[in-house]
Number of protein chains: 2
Amino acid sequence: MSTIYDVARLAGVSKTTVSKILGGSKNVRASTLERVNAAIEELDYVPSCFAQGMRKGATNTLAVLLPEQYNYGYMELLAGVEDYADRSGYMTFVCSTGRDGRYEEKYLKEMVRRKVDGILYFAYRRNEKSLAYLEHISTNIAVVVMDNVLRGERLDCVRVDGSGLTKQAVRYLADKGCRRIAYIRGLGTYDVTTERYQGYLDGLEESGIPFDAGLVQEAEFTMEGGAGAARALWSQKPEAVVAATDMLALGALNWLEENGVRVPGDVNLIGFDNIPLCVWSRPRLSTISQNQRQVGEIAVKHLLARMDEPDQEPSRLLLGGELILRETT
Amino acid sequence: MSTIYDVARLAGVSKTTVSKILGGSKNVRASTLERVNAAIEELDYVPSCFAQGMRKGATNTLAVLLPEQYNYGYMELLAGVEDYADRSGYMTFVCSTGRDGRYEEKYLKEMVRRKVDGILYFAYRRNEKSLAYLEHISTNIAVVVMDNVLRGERLDCVRVDGSGLTKQAVRYLADKGCRRIAYIRGLGTYDVTTERYQGYLDGLEESGIPFDAGLVQEAEFTMEGGAGAARALWSQKPEAVVAATDMLALGALNWLEENGVRVPGDVNLIGFDNIPLCVWSRPRLSTISQNQRQVGEIAVKHLLARMDEPDQEPSRLLLGGELILRETT
DNA sequence: GTGAAAGCGCTAACAT
DNA sequence: ATGTTAGCGCTTTCAC
């Protein structure tokens, strides 16, 4: 590995001049520039990022913290993040914080240590400690919190409008004439759950449908959970079912099919997330789509904006989505 | 951010002593150690990784280079990689090299610049330049090539035994009594394609079945490709079809079903990869599974071994897999 | 058992 | 337009 000193010697200049050229300074004679560039080329020289980081602080690196090892839903999103970051001249460091986010603090500290310029923080589960730490470091490092429902933390935040979109689904069903609209919600420990559920409630109200507790089932975020909820719900003869996630909806669909219930003939069904499996079920699942790739891009854009204007007031971005009608409605 | 100097001052010692303690030296008076540790605690001190990297070279970081943005098949594998790396005290840097691996060289250089201790390189498409570069840097950085069929490069390599496993599938079908076994291979540009196809040929030979060119179709690695191949193949009345990937097999399955061919009644079908969709098709697809998580762990283990013994001869690991019989056989 | 001093590769302030 | 100099925070001889 050759150093800036080697380049300087080969080009017959001082290392300051080389450094200036590397930094893109214009105050250089053309002939000097040429010689230095030739030397760089010849030696295959690349500046050490440690020395640079030590002097400059900035590293041109973004970190993405993701819960649960590589959940499939994040793939498109990551693609969006990396693409946009790359186009803006940033590298991306992806860290999965493990189930229950048990590595969150460890990775957070490590990223600070590595002086990343910005952090994109994902977590469905609210972690007070991490949030407090993020707020603490946000004076030095740009931070954007994703998918979390903030309560008072002074942090930027981007998330999908789970409430509004669920409401939209409910209203669609109501407009179609359904009155007995059931809801399969996830476990209560997540903010996302509560938020989407609120959308269900709002949708009922706006459609003038009275709430019926018997039409709501809570279930684990799995297909089994969805199947169980469908079984419990079926005795209530719903005309439509909205589920908090596609997995839940798919589980319900499976149970309904196996028990001779025709979808959408006997009951309508709408999921949430638009995971790839939706087009593989029979009938194919209607759902709410968030355009994950775009979410990723917006997240990075937001992060870069924060880096540019560190003193701006924290802002919250609510992202829309789309009702995708396939064959279960 | 406090520095080692702050710690030294607070503890009333020199920074040398602090550094020694950080490095785990035993030659320290107990009282000194206590004072220093207290100071570290109080200042929330974390050594700068730039200064460390500059002095030591090593960074306790591994890089994974992946082709095509977050292909689903890699998720389990990455989980294996990260878990094992973490347990061994390493951070993992994940870089997706984009479609056609167009960012390969860029990222490779960046990783070298960041002095990662090891690189896990994935790419189905052979890239001479990248391979040459990897060979070049392998004297300084541990490198393990994944999934590539090396030709003479002096590099460690881990890959799944595509040939042997395909052979196993063919022999299974032959043992079941099938004679007319067709094969859907991928496009010829990939080494993996050739390798798996060779397994088909070997399987036929070992089973004493003469090769029939009419029973082989080449197709793009998509469901559409698989469907087209199935259509072309059907006129040849095969008793069984083996496909180079699950996507191909699933496409074929779709076409067969839609054209009234019963699977496995009229024809047996086996895929390769065991992607999650396999259990979602009807009937569920029999396939060859590679235990991706384990592949990831083995890859890291191999990389760490190389780091320990930089002068060992390059080795090639061929990983086995498992024939998973579901409902298409 | 502890410290002083040199230097890793780079940038930036200050000459010239 | 180019060079000199002084560190960034750390580890590592080498003294004491």
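So that the names make sense, note that chain A is the first sequence line, chain B the second, and so on, each numbered from 1.
Using a cut-off of 4.0 Å between Lys/Arg side-chain N and Asp/Glu carboxylate O, B:R126 and B:E128 are scored as salt-bridged. Ion pair A:R159/A:E195 flagged as a salt bridge, since at least one NZ, NE, NH1 or NH2 atom sits closer than 4.0 Å to an Asp/Glu carboxylate oxygen.
Proximity of residues 49-61 of chain A to DNA chain D (heavy atom under 4.0 angstrom from any strand atom) is restricted to A:M54, A:R55. Contacts of residues 34-41 of chain A with DNA chain D (heavy atom under 4.0 Å): none.
At C:dT11, one or more side-chain N or O atoms of A:S19 fall inside 4.0 Å of OP1 or OP2 (strictly under the cut-off). For D:dT2, one of the phosphate oxygens OP1 or OP2 lies less than 4.0 angstrom from a side-chain nitrogen or oxygen of A:T32. Dashed line: the shortest gap from a side-chain N or O of A:S14 to OP1 or OP2 of D:dG3 is under 4.0 Å.
Following rounding to the nearest Å, B:I21 (CD1) and C:dG3 (C1') show an atom-to-atom distance of 13 Å. Protein atom CG of A:D6 is 13 Å distant from nucleotide atom C1' of C:dC8, rounded to whole Å. Here D:dC8 presents its P atom at 14 Å from CD1 of B:I4, a figure rounded to the nearest Å. Here the P atom of nucleotide C:dA5 and the OH atom of B:Y5 are 12 Å apart, to the nearest Å. Rounded to a whole Å, the CG atom of B:L22 is 15 Å from the P atom of D:dG9.
Proximity of the aromatic rings of A:Y90 and A:Y84 is defined here by a centroid distance below 6.0 angstrom, and this criterion is not met.
Side-chain to base pairing of A:T16 with D:dT4: one donor and one acceptor N or O lie within less than 3.5 Å of each other.
When the shell of 6.0 Å around CD of A:E135 is examined, it contains more than 12 heavy atoms from other residues, nucleotides or ligands.
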